[in-house]
Amino acid sequence: MLAGPRCRNFTSLYSYLGLSLRHIPPDIPALVAQCATPPVINGRVLPTTVHTYSRRAHPPQAWFPPPSPPHNATMPPPNTPEEGVPTAGAVVPAPANTSATYILGRHHLYPEPPVSPPPRVPTAPPAATTESSRATTPNPSRSSSRPRSASRDSSASCSNRSCLLPINYQDLHYETEVDKSLECPICRTPFHLPLTTKPCGHTFCASCLDRALEIQPLCPIDRTPLDASRDVCHTRIVLDQLDRLRVRCPNRGCDYICARELLPVHYERYCEYTMVHCPDPDCDLRVARADARGDRGCLHTFTTCQYCGKEVMVAGLEEHYDADCGGHTAKCGHCNAIVVRHRMEKHTAKDCPRTMVACKWRPFGCSEWAPREVVEKHEQGLCVYQAIGRLARDRMEDRMIINELKERVSAMDERLRKSEKKEKNRSRDGGGHFGGIPSAAPFMPDLDLNHSPRAAPSYNGGTWESPEDYMLAQFERIESRMEDLRKMIMELDGHHTMRLLNDTMRLNEQIAELGSKVGVLGMHTTWLMNVQRQSRGQQRAGTTGGTPGPGIGVAGGVSGGGGSAGGREEEARRYFSSSNDVGLPLRRNSDGRNPPRL
Amino acid sequence: MASGSQKRLAKEYADCTKTPPTGMSIHLANESDLHKWHVTLEGPAGSVYAGGRFGLIITLPTDYPFKAPDVRFATRIYHPNVTNDNQGGICLGLLKSGNWKPSTRLLSVLEAIRGLLAEPQPDDPLEARIAHEYQNDRKEFEKNARSYVNHYAKGPVKFDVAPPNVNASGSSKDGAAPSR
């Protein structure tokens, strides 16, 4: 047997892997301890429906591995005489040590499948000591031997009372055919917390593999040596497949069917048949949640069966009717079936095939009124009102939806109007602060977060249901303001760009116009100057002897000045020759009277 | 609430009864107890045991898939791998505690036992004398085996002939069996 720090526990591995194990109550060990003693009420020992866990074959140390050295220290060392009460030793530490209880309990995530039938006589090995015998042995140093009354007083028991029995995954009823490859080869049920061996790739339930490796550290299929701490891993794809399996709720009487991953939630929170602790704080038994809810008090008192006169526990009355009550049944007046008397009403209302009932499409005009078995057949295909009925039902549903939507719309309208009004008021109040910026004034005041005098009354005035609501609303408003501002800035930006574009375009045009005008003027000037020069040249030629200007057949219309201007004529000649040298054709030299065209 | 192993046992039983190996019929010793099976095995045709009907008692430990089941012959049989007394212990590698694998199904255990009758394994004997005879004097062995069959394995199988000395030497699990 492996024990102590070397032992492993795959479920703790699961918790390290962060897999969801919510369905497992945190303190099963306490439950175990509690279940070890049959409860006593009114001086008689009650048969427990909760089985005890066998402590014979597997000392619990193998199941509560110390996760860290400090916890190790709280546990009794293995192979000491004190190991005689291992369950309680590991499970019920002193009240001050509650954290250790929790951690140890958390690692014990599923109940150990017992190896022996429950009614085992406590025999020689000290491990099988019952709680009662422990209570008789005076052992003040160990708080584990606390009597049951003490357990009620301690605060730890309060947390125990809120916990539920774990779901036994190997007992679940699957609604759909489960693939054989999803079954654990050891327990032959669909895997619960599957683990795959690394060297050989076989998959098992964590609990099955745990136990198999405890006996032999070999793969249960091909006997490959396995190191439990290293050679296993979980396979997510298998988990996903398992999560999708449809299962029936394990509680007796509950017909709920759901995906397996949703089962823990249903079982823990919603199922009316889940066994919870008795509402009576002095009672350690369990009742179905539906029975615990009312103010019926403890149902674990004895009552006399109204039919057979036997003394039965109130909580077990229904079971008693089903199993061993005599004289509680009666014949149904319609169908001669034998029914438990107080269930007769339910029988006639729901099951009895002879009771006269109406067709379910009666509101839509069907007049069928016959025994249930006939009506059921009639409803299944013969009823002509079925089509109309369905249509009408759909219409009714639609109308309900429409009404609901209408209500919602009007409520939202109302809210919108209110908030608009409020905002208007606010902006009017705050407008004065920002009078300098007239365009931004309507928006700015609400941005002023520091303006607490105004913010506080609106909260205290009860407009908002809670500070969170208020803050949220404020935040939303700020956000919308920001959005508005952003839009405004964008708009302004656009305006600016537009205006800039418009202005510069006009300027550019003007500049271009001016430029062209300057060019024209320049040409005019050149022309005028040319004309002047030519006329001067002609004048000079006329005075010096009539030699025509070299290469220029230009008739000057302007009479030149005096003959003393020989130098000037020379100058002009040089000018023209130079222009000829460059090879520029003189423009319309033949017609010197017209100015150059633009 | 050994529900896990109960469930597995129920499945194993359903498997075995639904498609029993040839020449076998399987019943529970007691309708409410899945841990004790009574199997009637017809001697495989062609072997020296043909025509005989042998009773097998399978006792499944409470931690069953983890511990090997206990299989014994309730009918005496002359076989090298079965003790030649009224305990009917079987030497089968599959069932040895060191070799047992939790994933082994009872169906394959039954097949293996049937195979053992069809073909004894004298290399790994429980009865060295019979094994020796089987290897060296096959005719004598066959004669003895047939006489055993005629003497013990004709007529209805009796399971309650469970050997009285199992109580003393067998494990405590078996202790309750013979008293029934």
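Just so you know, these numbers use all the heavy atoms, side chains as well, and skip hydrogens, waters and symmetry mates. To find a chain, count down the sequence lines: A is the first, B the second, and so on, and within it residues start at 1.
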B:Lys7 to A:Gln170 - nearest heavy-atom pair and separation: CD-O, 2.9 Å
Which of residues 114-123 of chain B get closer than 4.5 angstrom to chain A, counting heavy atoms alone? none
Indicate the atoms forming the closest heavy-atom contact of B:Pro102 with A:Ile186, along with that distance. CB-CG1, 3.9 Å
Heavy-atom closest contact (A:Arg211 atom, B:Asp63 atom, distance): NH2-CB, 3.3 Å
dist B:Trp100:CH2 -> A:Gln216:CD (nearest 0.5 Å) comes out at 11.5 Å
Residues of residues 141-152 of chain B within contact distance of chain A, non-hydrogen under 4.5 Å: none
Heavy-atom closest pair (A:Ile215 atom, B:Lys67 atom, distance to 0.1 Å) is CD1-CE, 4.2 Å
What are the residues of residues 10-20 of chain B, in order of number, with any heavy atom under 4.5 angstrom from a heavy atom of chain A? B:Lys11, B:Glu12, B:Asp15
Sorted by chain and number, sequence neighbours left out, ring pair (Phe, Tyr, Trp, His ring centres under 6.0 Å) with A:Tyr256 holds for A:His266
Within 6.0 angstrom of B:Arg105 CZ, more than 12 heavy atoms from elsewhere: no
Is the backbone of A:Pro185 close enough, under 3.5 Å, to the side chain of B:Arg8 for a donor and an acceptor to pair up by distance? yes
Here the pair of heavy atoms bringing A:Pro220 nearest to B:Ser103 is O-OG, 2.8 Å
Value for SG (A:Cys187) from CZ (B:Phe66), rounded to nearest 0.5 Å, stands at 8.0 Å
Would you say B:Lys101 and A:Asp222 make side-chain contact, with heavy atoms under 4.5 Å? no
